[in-house]
Amino acid sequence: MGEFAVELDGVCKSYSSFEAVSDVRLKIRRGEFFSILGPSGSGKTTILRLIAGLLFPDKGTIRLMGEDVTFVPPYKRNVGMVFQELALFPHLNVFDNVAYGLRIRKSPEEEIRRKVRECLEIVNLDPEKFGKRKINQLSGGQQQRVAIARALAIEPSVLLLDEPLGSLDLKLRQHMMSELKRIQKTVKTTFVYVTHDQSEALIMSDRIAVINHGRVEQVGTPSEIYEKPATKFVAEFIGEMNFIPAEVHEGGLISEIGHMRVSGLNGAKKVLVAIRPEKIKLGCSNLDNVYSAVIEEVSYLGGFLSLRARVKGICLKCITPSDIRIEENQTVELGWRAEDAIVFEA
Amino acid sequence: MRQFLALPSLIYLTILFYIPFLIVILYSFGFPGFTLKYYSEILDPIYIKVFINSLTLASITTLLCFLLAYPVSYYIALKAGKWKNFLLILVILPFWISFLLRTYAIMALLTPLGLMFTYTAIVIGMVYDYLPFMILPLYASLERLSRSQIEASYVLGAKPYQTFLKVTLPLSKPGIVAGIILVFIPALGEFVVPAMLGGTYATIGTITWDLFLRYHNWWKGSALSVVYMAIVLVAILLYIKRVGRIEL
């Protein structure tokens, strides 16, 4: 067995006329919390279903624990899956839901009881109190936990989670995020988590694959994805980003707001310079790029101020600690370091 | 005010159901006199045989309807996709034609096959007429089953047949219960199909029909009807007690 729990190699999948997944290559390491992040319709759920065996690819190979499972049916793969709509069995109680996979495997009854108890404890549900309950007697959060316990009970080689927190309210969602992280650390199973919510992916993941139009745009740690977006899509999709169109002139960059200094230009003639709102500093004149700006809007966000600043024809969004005094229509100096700007081919 | 809201349906039921039912009961006791003669006549072995005939026929019809309807309902509910509504209309379409005409049509089909006036003919006619009453409730319960519940079962290691036995079948139980009741009860009292396709084959329905309309023996016919209704009532109560409440 290799070091990877899941490997997708050149995987393509089309639905009648539409290519949902094209040439996806992913190597998911054992024991890591791996997120597949993308807007709706980007093909991320399709990737998950391909790993589960609920779909078969048109092209490419899928390996689980080093073994080729490309066309192996789902019931022979030993993967766990938590569905978006949970898909619990309403005719069975909590215990029987969690025991389902073990009963199918004909585990001895003793072993089943021990394993179900263990899994319910991992997800923080008291087996005594909840074991006999019906599914419709549980809250949304409790149902979520049962769905996770049911998937973990079979000791899957990988646990697939399809936007499981989508239906929960904000508070419960934040709580379940830390719970999922804790569960993953306890069981040390590989988690593959599909979401369109960047904060879920950034908070929980060891690594993230950003997907768009069925293609992998970038794979990296949360900070790599945020700090060094590989494509314009990633830069735009994760967090907030200011984009300034610019042209290369005699080794320098010229844009509507003036000369710009960046680190590292590739051969492109027309480029987009991207800069994060929090990288823009106010009132500092010792930076590589300094411009004079008019503040058009100030929004108070508690510890931070969100500003809209206009430099000639370009609006920039800036985020700054709220301990500075700033008012609308004020003219300020703002700037950023050359290495904080990211350059994309336009 | 609120307690009067049920009044229209109560009046309706009284005029169309309770009063005729009362008349039937009165006749069964020999109206305008009083006698238990007609009930004792029904205890004759020949009538018991007729009851058994009817129970057997209704059971066979229900079983065949279930076996034929389940795959159809399953396909419409879970596999048909955009054809779902079209297929449902096809199921309901026969209702647009009179029951009697449809049975005549079956006669026209069975005659060249040499099947007329056989038990097979009765069963074919019964199954044909009652099939939609099984398909529709089964469809309604299978429709509520989500595809992801079946997929969850696969991912947990259950092969398709195990998934069917452990997830699909138990989750469609309300539809099965409803379908069985909707087919079994009218099939038990059915008289048109056995009379038209079975010739002299006797069921509770055909005997009651004969007693009322051929021999004008309303008293005995009424007694037979009352016994029939009592049997159906007890059967349903036992059935519901066994399978739980009916959810339609």
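Below, chains carry the letters A, B, ... as their sequence lines are ordered, and counting in each starts from 1.
Around CZ of B:Phe95, the count of heavy atoms belonging to other residues, nucleotides or ligands within 6.0 Å exceeds 12. Counted within 6.0 Å of CD on A:Glu111, heavy atoms from surrounding residues, nucleotides or ligands total more than 12; the atom is thus considered enclosed.
Residue A:Leu102: no heavy atom, backbone or side chain, is found under 4.5 Å from chain B. With a 4.5 angstrom heavy-atom cutoff, A:Arg105 touches chain B only via side-chain atoms.
A salt bridge does not link A:Arg49 to A:Asp162: none of the charged side-chain nitrogens sits closer than 4.0 Å to a carboxylate oxygen.
The choice from A:Lys76, A:Arg103, A:Met81, A:Glu85 that makes the most heavy-atom pairs within less than 4.5 Å of chain B is A:Glu85.
Below 30°, between 30° and 60°, or above 60°: for B:Phe86 and B:Trp83 the angle between ring planes is above 60°, a perpendicular geometry.
The interface of residues 150-164 of chain B with chain A, defined by heavy-atom distances below 4.5 Å, comprises B:Glu151, B:Ala152, B:Ser153, B:Tyr154, B:Val155, B:Leu156, B:Gly157, B:Ala158, B:Lys159, B:Pro160, B:Gln162, B:Thr163.
For an aromatic pair to be called close, the ring centres must be under 6.0 Å apart, and B:Tyr47 with B:Phe51 fails this. For an aromatic pair to be called close, the ring centres must be under 6.0 Å apart, and B:Tyr130 with B:Phe184 fails this.
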Subject >> side chain to side chain donor-acceptor pair (under 3.5 Å) between A:Asp197 and A:Thr195, worked out >> reply: CA-CA 5 Å; A:Asp197 185 309; A:Thr195 182; 5.3 Å; no
